Amino acid sequence: MGLGILSASSSTLQLALLFFCWSLVCADLSYTVPEETRRQFVIGNIAKDLGIAAQRLSARKARINTEDSSKRYVDINLSTGDLTVTETMDREVLCGSRMNCVLNYELVLANPLEVHHVSIKIEDINDNAPKFLNEIITFEIHELASKGQRYPLDEAHDSDIGQNGVNGYSLEKNHHFILSVQDNKRGKKYAELVLDKELDREEQKEMDLVLTAVDGGTPQRSGTAVIHITVLDANDNVPVFTQSVYKVSLAENAPLGTEVVTVRATDADEGANGAVSYEFSSMSENVAQLFSVDKVTGEIKVRGDIDYEKETSYEIGVQAKDGSGLASTANIVIDIVDVNDNAPNIILTSLNNPVPEDTAVGAEVAIINVQDKDSGDNRQIRCSIQNNVPFKLNPSIKNYFSLVTTSPLDREKESDYNITITATDGGSPPLSSSMTIHLSVSDVNDNPPVFDEQSYSAYVAENNKAGTSICSVTARDPDWRQNGTVLYSLLPSEVNGVPVSSFLSINADTGVIHAVRSFDYEQFRSLKVQVVSRDNGSPPLSSNATVSVFITDENDNSPQILYPAPEGKSLMTEMVPKAALSGSLVSKVIAVDADSGQNAWLSYRIVKSTDPGLFSMGVHSGEIRVQRDISESDSMKQNLVISVRDNGQPPLSATCSVYLLISDNLAEVPELKDMTYEEKSSKLTSYLIIALVSVSTFFLTFIILILAVRFCRRRKPRLLFDGAVAIPSAYLPPNYAEVEGAGTLRSSYNYDAYLTTGSHTSDFKFIRSYNDSTLPAGGTLRKSPDDPFGSSFNEAHGEEIHFIPFLASLLLLDVVGEIKPLMWTETLKAWC
Ligand SMILES: *[C@@H]1O[C@H](CO)[C@@H](O)[C@H](O)[C@H]1NC(C)=O
Ligand SMILES: *[C@@H]1O[C@H](CO)[C@@H](O)[C@H](O)[C@H]1NC(C)=O
Ligand SMILES: *[C@@H]1O[C@H](CO)[C@@H](O)[C@H](O)[C@H]1NC(C)=O
């Protein structure tokens, strides 16, 4: 071992020691011992090495001196001279990283003093393993780091030296890294991590690699550290959708907020690089109103009204974008599913309104079109109308229906219809809508006016005022306006040859029938007229009814006393035989009344009499009878005042006087003269007059005869009396015949009586009542079968016939009375 390798600090000491040694001792002892040798280990034998007997050592007081106060690791066994280890030596403690590690001691011997230098070299053994400073070595490596990139690693430290120091490194096998081990300037090995294959954070974002450092000792020792590598992300991944096309269907009218679909894109990157946000990429503006996408969740929702009828499908592009703007897109196809949300629509295409009521059955009234915006079954439409109308719907081309009539229309029964058309589609649930057509039926003049009654009867009292309303007729016509306006008129006809319009008139509008003139029951009792009602249509329709007007009697005629002549003019005197017994008929008052019924029911009363108890009156027969036997004491002249009264309300009456002479012989009665008129006093005058009258009479008779002959030739001769019937039965009270048995005279007898009883002294009295009222005197006697009443209105006729009574009156104005006017007519009749 050379001295030259001593360190600089101790070299001075050693040089001095060497010199000393060289001067005092010549021998240096040098030993080598491995570190960590156990105690008592004998390093060498000094005695032997020095050539001194071991026994002498103790004598010579041999001992080991340390150069300083440092620890003594070796000592000498004085008995044997062995140098032994007293303390375990650790080279690393004693010498650190120095290559030479030598402990220097001095062996001092006394007697003679000798100093020997003892150096003990401590040999290194591999007792220390390499060791890393940090057990975990961390790296953050960008995933985009390129191949070949080097990352220096911490060196491992080994306290041992030389061969026993760190000799190499090794790395756990892995896919990405290899280890590059090199020597540094100090000759030490160091390692670098080399990227052998690119990293992918998305594949493996961190890894732990075990780095092992080994030394060169035997046995070899090693130490490890963990390399923790974190791969830093790079935005090297685009977001990827789970599907490239999302196909969904969506019902229309989906409520706002309904989720349509959720798209999802994933980005393998992390952090902002992997944060995906969604947005629509391509869509028209109006579609954008309908859908929304949640930026974060990718949920697509409805935000507007989805209407199948507007669009049946939508195609939307959606984009997923990560934080650094890498993006990808996917398509969403949304098929809209039809929902039955549209009710059918009914359109009235044409309408004939109003429809005339005579429209033929099956005629088309309206055309209807129905539509539904939905599709499929949702647009299958059924159409119907209600049942209670005479119409039906006939399907026509496509969605057209025609409304036709199914039965005849009658405006008078039903003038308008509300036809409700209901259209229902085939959806589920079905939707329906309805429409009401208001249809009017227009009028056709198809109804004639109809009278309430087919025949009317009206009663009117005679002597009515002209213009009195008699009755009213009503006809109804259900047609509309002028087609139903009824006008009344009288059917022109004649009553007794006189136009009916001179009797009656009708108010054209109201149907009230008025009398045009005053009627006389005694003239005629009824008349019949046809009333026509006519509507104003074109052509007009009409109907007729019969109106019978019955004239009722009024007590307008007072009883007419035929016999005897009324009071004042009466010269009649009845002879009553003195032997007349009680109950015997003396005379009879004859009266007639032109009225009828109660109005003509006459009753007779004696209102005044010379001897009240002597005569009685048949109340209804008018017979005057002796009430008791006539006695001598009774006055010869008896006067009776008789009243004849009818039974009308108020009653009318007439009076007459009857002069009765109780005598068997007219000559016996001197007082008779008194009972005659004053004019009879002069017999001479009478005779003169008689002579004059006779001459005139004959002359006139002759003329009359001539006239009558002509008259009879010209006219039918039947116009006079039928036998003795002087009074037309029509003018007699109806009960005349009934009371006949009670003694009342028949009409014919009436006249006979009149003609006979009053033959000698009675005054001529014609039946004035007939004359006064409506008939001329002659007319009474005339009967014309075709003209029962008419002659009474024929003034000219009346004049002609009037002259007979006039003449008669003229002739028989006075007392004579033998010639009766009726005789003339009798005569005429005979002649004719
Ligand atoms: C039709 O309807 C109208 C108005 O709603 C109503 O005035 C009329 O009376 C109805 N007609 C029928 C025949 O129902
Ligand atoms: C009356 O009927 C006729 C047909 O007969 C018709 O033309 C006319 O319009 C109707 N008048 C009214 C007012 O309805
Ligand atoms: C009156 O009506 C009857 C039946 O109702 C008919 O026979 C007659 O011809 C009609 N007369 C007139 C003038 O219309």
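Remember, predicted model here, so these are calculated numbers, not experimental data.
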To the nearest 0.5 Å, how far apart are CZ in R517 and OG in S505?
-> 13.0 Å
Check for a donor-acceptor pair, side chain of S584 on one end and backbone N or O of A580 on the other, with a separation under 3.5 Å.
-> no
Can you tell if the side chain of D446 reaches within under 4.5 Å of the side chain of D358, non-hydrogen atoms only?
-> no
When you look at CZ of R645, are more than 12 heavy atoms from neighbouring residues, nucleotides or ligands closer to it than 6.0 Å?
-> no
Do we see a donor-acceptor contact under 3.5 Å between the side chains of Q598 and N647?
-> yes
Can you check whether D611 reaches R628 side chain to side chain, under 4.5 Å on heavy atoms?
-> yes
Taking all non-hydrogen atoms of both residues, which atom of P448 and which atom of S542 are closest, and how far apart?
-> CB-O, 4.0 Å
Roughly how far apart are K528 NZ and S457 OG, rounded to 0.5 Å?
-> 9.0 Å
Going by heavy atoms in the side chains, are D556 and E522 under 4.5 Å from each other?
-> yes
Taking all atoms of both residues into account, what is the closest heavy-atom pair of E623 and L585, and its distance?
-> CB-CD1, 3.5 Å
The reported gap from CG in D595 to CG in N557 (rounded to nearest 0.5 angstrom) is 4.0 Å
Is the closest side-chain heavy-atom distance between V589 and I624 below 4.5 Å?
-> yes
Just by distance, with hydrogens left out, do S548 and Y456 show a side-chain donor and acceptor under 3.5 Å apart?
-> no
If you look at every heavy atom in T552 and Y459, which pair is closest and at what distance?
-> CG2-CD2, 4.1 Å
Got a donor-acceptor contact below 3.5 angstrom from the N464 side chain to the F519 backbone?
-> yes
NZ/NE/NH1/NH2 to OD/OE distance under 4.0 Å, D664 and K578 | no
Could you grab the distance from atom CG of L640 to atom CD1 of I606, nearest 0.5 Å is fine?
-> 5.0 Å
Starting at CD1 of I703, measure out to OG of S696 and round the result to the nearest 0.5 Å.
-> 10.0 Å
Heavy-atom donor-acceptor pair, N536 side chain to Q482 backbone, under 3.5 Å | no
Nearest atoms (heavy-atom pairs only) where P577 meets I630 = O-CD1, 3.8 Å
Check for a donor-acceptor pair, side chain of N639 on one end and backbone N or O of T610 on the other, with a separation under 3.5 Å.
-> no
Taking the side chain from D535 and the backbone from L541, do they hold a donor-acceptor pair closer than 3.5 Å?
-> yes
Apply side chain to side chain contact (heavy atoms under 4.5 Å, CB included) to the pair Y604 and M617, showing each step before the final yes or no.
-> CA-CA 7 Å; Y604 302 83; M617 191 82 203; 3.5 Å; yes
Side chains of I662 and L614: does their closest heavy-atom pair fall under 4.5 Å?
-> yes
Going by atom types only, do S533 and S543 share a side-chain donor-acceptor pair under 3.5 Å?
-> yes
Is the shortest heavy-atom distance from the side chain of N555 to the side chain of Q649 under 4.5 Å?
-> no
Passes side chain to side chain contact (heavy atoms under 4.5 Å, CB included), L487 versus D509? Steps please.
-> CA-CA 5 Å; L487 294 176; D509 297 323; 3.5 Å; yes
Distance-only, no hydrogens or angles: does the R411 side chain make a donor-acceptor pair with backbone N or O of P478 under 3.5 Å?
-> yes
Does N445 use its side chain to pair, donor to acceptor, with the backbone of P539 at less than 3.5 Å?
-> yes
Taking the six-membered ring for Trp, are the ring centroids of F550 and F524 within less than 6.0 Å of each other?
-> no
Starting from the C-alpha separation in whole Å, work towards a yes-or-no answer on side chain to side chain contact (heavy atoms under 4.5 Å, CB included) for R605 and I642.
-> CA-CA 6 Å; R605 263 181 328 119; I642 289 162; over 6 Å; no
Verdict with reasoning, V549 to L504, per side chain to side chain contact (heavy atoms under 4.5 Å, CB included) | CA-CA 10 Å; V549 178; L504 297 172; 3.9 Å; yes
Over all heavy atoms of both residues, which pair between N483 and S538 is shortest? Give the atoms and the distance, please.
-> OD1-N, 4.4 Å
Below 4.5 Å, heavy atoms only, C-beta onward: do F615 and Q638 meet side chain to side chain?
-> yes
Between CG on residue D634 and CD on residue E632, distance to nearest 0.5 Å = 9.0 Å
For residues I470 and H514, report the shortest heavy-atom separation together with the two atoms involved.
-> CD1-C, 4.1 Å
When you check the gap from the basic side-chain N to the acidic O, do R476 and D452 get nearer than 4.0 Å?
-> yes
So, N447 versus D477: side-chain donor-acceptor pair below 3.5 Å or not?
-> no
Examine distances only and state if a side-chain atom of E462 and a backbone atom of D553 form a donor-acceptor pair shorter than 3.5 Å.
-> no
Donor-acceptor contact below 3.5 Å, side chain Y521 vs main chain S596 | no
Verify, without hydrogens or angle tests, whether K588 (side chain) and S621 (backbone) share a donor-acceptor contact under 3.5 angstrom.
-> yes
Kindly indicate whether the side chain of D479, heavy atoms from C-beta on, has any atom under 4.5 Å from the side chain of E412.
-> yes
